[in-house]
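Everything on this sheet refers to the single structure shown next.
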Amino acid sequence: MSHPRPTRYDSATRQLEKATARTAAGARSAVGAVAAVAASFGAVAPVSLAWLVPFLAVQLGLTAAFARVWWRKDLVPRRLAAADVAVTLTLCLLQRRLVAEETLDSGASWVSGLVTMTIILAGVSWRPVVSVAAGLAVAAAFAAGVRLASPAADVVVPTGVHLVQLLAIVMLMTLLRRSSAKTDAFLERSVRAEISLMVERLRREDQLKQVGSIHETALHTLTMVGLGTYDRPSPTLAAQVRTDLAALERLRDTPGADLAPIALDALLDEVAGRAAGLDVRTDLTPETVPGDVAEHFARAVTEALANVAQHAGVHEAEIVSTRRDGGIVVEIADSGRGFDQERLPPDRFGVRGSILDMMRSLPNGGAEISSGAQGTRVSLWWRP
């Protein structure tokens, strides 16, 4: 029985962060390049080349790093954002050695542009508490640096502009993150509902097979009796009647829908077939498990395959299920680029929430992820 393959979603939060990070990184790299040119042409007394050249080299290194983030359409590493804040703070405090006094008085120095981008990047990269602290520190350092370089220069207007920029980016990112979190919750519920429907359909198919099998055997026995095939007691007839009665009793004692066991291999095979953008090879040992256990496995495998499609950089994966030490083990493997679990941000729900916590919430269940240069392997297990 074939079913349409729905498009697997990337989380709305991750899409938002990627889009904003790429935009901010691209703007930061452009502003960094313009700032380097402006600083070079504006290197007149009292600007010190001995100070300017090394700081410009560091600033160009950051510009290249942000350009790389933009090119790879990736998130801005938090260490890179922190380095940007540190460098901008230093540039602000050393403006009397790096910026001509005329540009300070006009409020159009090349450092001012970097301050704006640092504030925006802090808002994009970090949560409000950290981004506000970083933005206030940069704005204060800029005002202090201007006063040190030119006591008569106006710092009220530039500081006000920077504070407005900080408030705007923090409010914007807060609203966007809240809306994307709601979208993620909706999509997560949709995936759970889809898997529940798959589980329920497989349950019904299994029950229909049982009913069909019993119908055929019991009806056959009754038909033979009705036709008079057996006109005297028969050991064969007695054995068949006992078999049919036992099957009917099993059907009578079958648990309700919530607890009815289903074929885990059939469910995982269907999950593999629905993984958009991946060629998934399967080697599944036939196993029948309780429905709730099957749902936990299916949701964890769905998330693992989604991670392969989104982040591994490959188009192939493998699912293997085996019996091991009295338990059922399901492994999802790929040969793509791995990741460092220790460096996962706390808001990355997919690995922790939809895989590790999902399986660990099962009694006698668990999960483990190993990842490196050779690829990633997700191991899921449950013991009856």
Side-chain angles (χ1 to χ4, degrees), residues 11-36 38-39 59 62-63 65-67 69-70 73-93 95 99 103-147 153-185 345-347:
S11 74
T13 300
R14 188 168 182 81
Q15 287 184 9
L16 164 69
E17 291 180 346
K18 280 185 175 180
T20 52
R22 185 169 190 254
T23 301
R28 171 61 178 83
S29 59
V31 170
V34 171
Q59 196 278 126
L62 284 176
T63 297
F66 281 112
V69 171
W70 173 83
K73 302 179 182 180
D74 207 347
L75 297 174
V76 175
R78 296 187 178 186
R79 288 185 295 183
L80 180 58
D84 182 53
V85 170
V87 170
T88 302
L89 282 171
T90 305
L91 293 176
C92 287
L93 295 174
Q95 288 181 84
V99 181
T103 58
L104 287 174
D105 293 337
S106 66
S109 71
W110 59 274
V111 174
S112 179
L114 292 177
V115 168
T116 295
M117 287 312 308
T118 297
I119 290 173
I120 292 174
L121 276 164
V124 169
S125 304
W126 296 319
R127 290 297 184 259
V129 173
V130 179
S131 60
V132 167
L136 290 176
V138 171
F142 179 80
V146 170
R147 276 293 167 85
D154 176 35
V155 296
V156 176
V157 173
T159 301
V161 170
H162 293 150
L163 292 179
V164 170
Q165 291 169 342
L166 175 60
L167 178 64
I169 190 62
V170 169
M171 290 181 63
L172 175 62
M173 292 305 300
T174 299
L175 291 173
L176 289 175
R177 284 170 178 143
R178 285 180 179 175
S179 62
S180 64
K182 291 180 179 178
T183 303
D184 279 341
D347 56 342

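One-based numbering along the sequence shown.
- Nearest approach of Gln95 to Ser109, heavy atoms of both residues: OE1-OG, 4.0 Å.
- Closest of all the heavy-atom pairs between Met117 and Ala24 is CE-O, 3.7 Å.
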Just distance, no hydrogens or angles: give the donor-acceptor pairs under 3.5 Å from side chains in residues 133-143, sequence neighbours left out.
none

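- The distance from the CD atom of Gln59 to the OG1 atom of Thr88 is 8.0 Å, given to the nearest 0.5 Å.
- In this structure the side chain of Val69 reaches within 4.5 angstrom of the side chain of Pro77, judged on heavy atoms.
- Across Trp70 and Gly26, no two heavy atoms sit closer than the pair CD1-CA, 3.6 Å.
- Taking OG1 from Thr116 and CG from Leu121, the interatomic distance works out to 11.0 Å, rounded to the nearest 0.5 Å.
- Heavy-atom minimum distance, Ala38 versus Trp110: CB-CB, 4.0 Å.
- A distance of 6.5 Å separates CG in Leu166 from OG in Ser131, rounded to the nearest 0.5 Å.
- Leu62 approaches Arg28 most closely through the heavy-atom pair CB-NH2, 3.9 Å.
- The closest side-chain heavy-atom distance from Ile120 to Gln165 is not below 4.5 Å.
- Within the structure, salt bridge (charged side-chain N to carboxylate O under 4.0 Å, His left out) contacts touching residues 156-171 (residues at least two apart or in different chains) do not occur.
- Inter-residue side-chain proximity for Met173 and Pro128 is flagged as unmet; no heavy-atom pair is nearer than 4.5 Å.
- Considering Leu89, Val87, Asp84 in turn, Asp84 is the only one that fulfils the side chain to side chain contact (heavy atoms under 4.5 Å, CB included) rule with Thr118.
- Closest heavy-atom contact between Ala33 and Thr63: N-CG2, 4.0 Å.
- With Val124 as the partner, the side chain to side chain contact (heavy atoms under 4.5 Å, CB included) test is satisfied by one option alone out of Ile169, Leu176, Leu172: Ile169.
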